[in-house]
S.K.: 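The structure follows.
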2 protein chains.
Amino acid sequence: MHTGALIIRRDRPRGSGSDDRKLNPMAKSFVTSIDVAERAGVSRSAVSRTFTAGASVSPDVRQRVLKAAQELGYRVNRLAQTLNTSSSNLVGVVGANLSSPFIAKQLDMLSLGLLRRGQQCLLLNAADARSDIAPLIELIFEFRARAIVVLSGEPPASIVDECLANGVKLIVINRLMTRPDTDVILSDDILGARLAAERLLAARCRKVAVVCSGSLTPTQVRRATTFSDVVREHGGAVVRWSEGPTAYETGVAAAHALLADEQIDGAFCVTDLMALGFLDAARHDLQRSVPDDLSVIGFDDIPQSAWKAYDLTTVGQSFSVLTDAVLAALDHDDGEVSTQMVPVTLIERGTVHK
Amino acid sequence: MHTGALIIRRDRPRGSGSDDRKLNPMAKSFVTSIDVAERAGVSRSAVSRTFTAGASVSPDVRQRVLKAAQELGYRVNRLAQTLNTSSSNLVGVVGANLSSPFIAKQLDMLSLGLLRRGQQCLLLNAADARSDIAPLIELIFEFRARAIVVLSGEPPASIVDECLANGVKLIVINRLMTRPDTDVILSDDILGARLAAERLLAARCRKVAVVCSGSLTPTQVRRATTFSDVVREHGGAVVRWSEGPTAYETGVAAAHALLADEQIDGAFCVTDLMALGFLDAARHDLQRSVPDDLSVIGFDDIPQSAWKAYDLTTVGQSFSVLTDAVLAALDHDDGEVSTQMVPVTLIERGTVHK
DNA sequence: AACTCCGTTGCACACGTGTTCAATGTTGCA
DNA sequence: TGCAACATTGAACACGTGTGCAACGGAGTT
């Protein structure tokens with residue numbers, strides 16, 4: 001009879017727990033190094049040194065401290081640690097559409113890589129690709145993160161200045177920054193678009209469609225214009241679509257709108273996700289036969305593109321190379337800046353003729 | 001000519017920046033409230049009060065402080081703030097396979113919900129669904145997070161004890177905890193499996209397959225056994241598969257292995273992702289006609305299941321309800337524990353006969 | 001035996017913030 | 001005018017940690 005959603009059942013198992021691990025039963029706070037020091041009968045410094053690599057502690061004291069810490073369940077307070085040493089292990093990650101396959105895969109590998117390097121990932125979800133990410137980055141500042149990775153959206157110039165002033169590394173993926181003082185990681189859009197165009201031309205396509213989303217990110221624009229230029233250079237005709245979000249449904253809508261023109265015999269979707277929607281609509285709604293009747297190429301090589309129902313020919317960028325590039329940028333010394341280009345390959349599958 | 005991966009181009013734009021915003025040019029650290037206080041000609045307390053809601057500051061001082069803070073680019077240090085007030089806004093999130101659609105969607109909505117509530121998301125990627133998440137949770141302890149959300153894996157009892165002792169809220173999704181002192185959020189697996197079984201029986205399936213992954217999570221086991229029981233009650237035969245990770249490829253492998261038996265006319269895959277692989281292999285590798293020849297039902301209703309190429313009939317759980325349940329659990333008072341059940345619905349699409 | 005050197009140890013400070021407490025100035029009322 | 005009530009302000013403490021510095025003791029060397 002609730003408003004519509006879920007059944008709730010409540011319990012409260014322990015009325016007044018007599019926890020023998022805690023000496024002072026009221027305190028709900030964490031164990032501190034003072035507690036450990038008292039129990040081990042040493043000074044607090046000794047505790048700190050025990051948990052600091054390369055510090056000078058006698059084996060005897062070390063063992064006593066470790067034993068006491070184990071018994072009390074002591075964990076170093078990273079906040080106090082960071083406050084003191086002012087070297088945080090936090091890396092802020094900003095992204096939108098976290099459930100879209102491309103971003104999700106990036107986030108998956110990035111968070112894993114950070115963890116393996118002993119860095120922690122503070123994740124901030126920019127709801128919309130169009131939304132302003134400045135407040136999110138300022139939030140990351142408040143946590144004194146030493147680096148910020150931007151997966152979606154473009155940080156305004158004021159934010160870049162602030163990063164520079166505070167010594168925060170700013171790493172931007174697939175967003176063209178006009179300023180040279182930011183780490184940038186780019187997929188080789190120019191080459192990828194050229195490969196796609198040449199492949200469609202080789203399949204003897206004469207009139208091709210280019211499908212972009214309405215949020216004209218620099219990456220999408222670069223792919224689309226390069227592709228168009230190459231096709232036109234070789235005497236082909238190009239029709240362009242730029243509406244809607246970067247989503248499956250946009251590909252569907254584009255197919256419905258563009259394939260009314262039956263002369264179109266090829267399509268380059270600047271994102272695999274849109275390519276899959278385009279492909280589905282072409283096959284199931286519009287009875288186009290791919291690749292006999294129509295050739296389709298995507299970009300990104302998301303996992304779903306390899307699924308048997310699609311078998312999409314696409315321009316692939318290696319996720320592991322992309323992630324390695326981000327991690328490499330994190331290692332740069334202060335002031336050192338790089339622009340890294342992620343190479344691309346044409347992955348031949350079954351959606352292009354011949 | 002590099003080992004294989006990426007082209008690097010290096011610059012170092014600003015040799016010795018004369019930054020007029022910082023008075024002491026060497027200091028690369030963040031602006032503190034002391035800096036702001038000096039500039040505004042007030043005490044540090046006034047600065048703190050200006051940024052504390054409900055504190056007593058005169059309009060004049062407040063304006064001077066805000067102006068100075070703006071000019072200097074001051075951001076409150078959340079680490080020091082948390083250290084002092086010992087009430088952190090951090091929420092630890094542990095999950096594996098972050099790029100699998102189901103987890104990615106959960107993470108997307110959860111991180112967005114947390115952000116909207118003014119809480120921050122500390123993301124820890126448990127590489128493998130099988131890997132031990134205890135060290136990750138201990139890492140979260142070190143950041144003094146007030147709550148931990150576990151999307152994958154099962155926290156050992158010692159961790160649960162530790163959470164209890166330290167007043168950390170532990171929220172577990174779709175993992176059956178035998179202990180009653182943890183917040184648990186479960187999808188209604190029993191009902192879902194029953195709905196799937198009844199639907200296949202109504203389609204006159206006589207011999208059905210159940211597809212699980214090799215990582216026998218409580219959720220998967222509950223779905224599979226309930227389904228098997230119901231089918232057998234009605235005189236149907238059941239064949240079960242339990243191998244491999246929870247992935248598309250597992251569905252493919254299951255189809256190849258199980259569909260050699262041509263009598264099988266129905267399948268329940270306990271996860272949509274596996275269902276899509278099963279479906280693809282059945283159609284494209286084994287020339288089975290779905291739904292005429294074979295009926296398939298999944299579970300979770302991930303976005304891809306609605307794509308035209310699949311149009312998968314599945315048992316759906318609402319992601320927004322799931323997320324709301326997590327956020328609701330975060331609001332519980334200390335010691336209050338709940339078990340929330342997420343309702344499920346059979347979503348009729350095109351992969352079941354009749 | 002005296003001295004130097006080195007490993008250990010504890011004290012004290014610093015990190016940046018919120019908040020209590022007493023002091024100060026200001027207003028309102030009798 | 002005198003006094004109380006009140007808003008505002010700054011000094012001081014606490015949060016939990018890492019580390020420089022001086023003190024200490026034992027071992028090795030002359």
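To find a chain, count down the sequence lines: A is the first, B the second, and so on, and within it residues start at 1. Since we're looking at a predicted model, the values are computed, not measured. Side-chain atoms are counted along with the backbone in the values below, which use heavy atoms only and exclude waters and symmetry mates.
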S.K.: Could you tell me whether the side chain of B:Asn166 and the main chain of B:Glu162 form a donor-acceptor pair under 3.5 Å?
M.R.: yes

S.K.: Do the non-hydrogen side-chain atoms of A:Cys121 and A:Leu115 ever get within less than 4.5 Å of each other?
M.R.: no

S.K.: Just how far, in rounded Å, is C1' of C:dT17 from CD of A:Glu142?
M.R.: 13 Å

S.K.: Distance check needed: D:dT19 C1' versus A:Phe51 CZ, whole Å only.
M.R.: 17 Å

S.K.: What nucleotide, of C:dG18, D:dG18, C:dT20, holds the atom closest to the side chain of B:Arg49?
M.R.: C:dT20

S.K.: Name the closest nucleotide to the B:Asn77 side chain, picking from C:dG16, C:dT9, D:dT17.
M.R.: C:dG16

S.K.: Would you say a side-chain N or O of B:Thr32 is under 4.0 Å from OP1 or OP2 of C:dC15?
M.R.: no

S.K.: Of the candidate nucleotides C:dG10, D:dG18, C:dT17, which contains the atom at the shortest distance from the side chain of B:Gln81?
M.R.: C:dT17

S.K.: Could you tell me whether A:Val57 contacts a base, only the sugar-phosphate backbone, or nothing, with contacts defined as non-hydrogen atoms closer than 4.0 Å?
M.R.: sugar-phosphate

S.K.: Rounded off to whole Å, could you give me the CG-to-C1' distance for the A:Asp60 and C:dG7 pair?
M.R.: 14 Å

S.K.: Given B:Asp331, which partner from the list B:Lys169, B:Arg146, B:Arg117 fulfils the salt bridge (Lys or Arg N to Asp or Glu O under 4.0 Å) test?
M.R.: B:Arg117

S.K.: Does a side-chain N-to-carboxylate-O contact under 4.0 Å join A:Glu38 and A:Arg44?
M.R.: no

S.K.: At less than 3.5 Å, do the side-chain atoms of A:Arg75 and the base atoms of D:dG16 form a donor-acceptor pair?
M.R.: no

S.K.: Determine: side-chain N/O of B:Ser33 to OP1/OP2 of C:dT17, distance under 4.0 Å, yes or no.
M.R.: yes

S.K.: Start with the C-alpha distance between A:Arg39 and A:Asp35, add both sets of side-chain angles, then the distance that settles salt bridge (charged side-chain N to carboxylate O under 4.0 Å, His left out), and finish with yes or no.
M.R.: CA-CA 6 Å; A:Arg39 175 149 190 143; A:Asp35 303 334; over 6 Å; no

S.K.: Side-chain donor-acceptor pair under 3.5 Å between B:Asn97 and A:Asp108, yes or no?
M.R.: no

S.K.: Regarding A:Ser58, tell me which of base, sugar-phosphate or nothing describes its non-hydrogen contacts under 4.0 Å with the strands shown.
M.R.: sugar-phosphate

S.K.: Rounded to whole angstroms, how far apart are CZ on B:Phe143 and C1' on D:dG16?
M.R.: 15 Å

S.K.: Between B:Val61 and B:Arg144, just flag the one whose closest nucleotide in DNA chain D comes earlier from the 5' side.
M.R.: B:Val61

S.K.: Hey, does B:Ser56 reach any base, or is it just sugar-phosphate, or nothing, if we go heavy atoms under 4.0 Å?
M.R.: base

S.K.: What's the CG-C1' distance between A:Asn84 and D:dT19, to the nearest Å?
M.R.: 8 Å

S.K.: Roughly, in whole Å, what's the span from CG in A:Leu83 to P in C:dA14?
M.R.: 14 Å

S.K.: Which nucleotide in the set C:dG16, D:dA11, D:dT8 lies at the smallest distance from any side-chain heavy atom of B:Pro59?
M.R.: D:dT8

S.K.: With sugar-phosphate meaning primed atoms plus P, OP1 and OP2, does B:Tyr74 contact a base, only sugar-phosphate, or nothing at under 4.0 Å between heavy atoms?
M.R.: sugar-phosphate

S.K.: Choosing from D:dG18, D:dG10, C:dG18, which nucleotide comes nearest the side chain of A:Arg44?
M.R.: D:dG18

S.K.: Does C:dG18 have OP1 or OP2 under 4.0 Å away from a side-chain N or O of B:Thr85?
M.R.: no

S.K.: To the nearest angstrom, how far is A:Ile34 atom CD1 from C:dC11 atom C1'?
M.R.: 13 Å

S.K.: Closest to the B:Val76 side chain: C:dG18, C:dG16, C:dA14?
M.R.: C:dG18

S.K.: Could you give the CG-to-C1' distance, from A:Asp35 to D:dC15, as a whole number of Å?
M.R.: 13 Å

S.K.: For a quick check, tell me whether the side chain of A:Arg78 and the base of D:dG16 share a donor-acceptor pair closer than 3.5 Å.
M.R.: no

S.K.: Does B:Ser43 get its side chain close enough to the base of D:dA11, under 3.5 Å, for a donor-acceptor pair?
M.R.: no

S.K.: Examine C:dG18: is either OP1 or OP2 under 4.0 Å from a nitrogen or oxygen in the side chain of B:Ser48? Give yes or no.
M.R.: yes

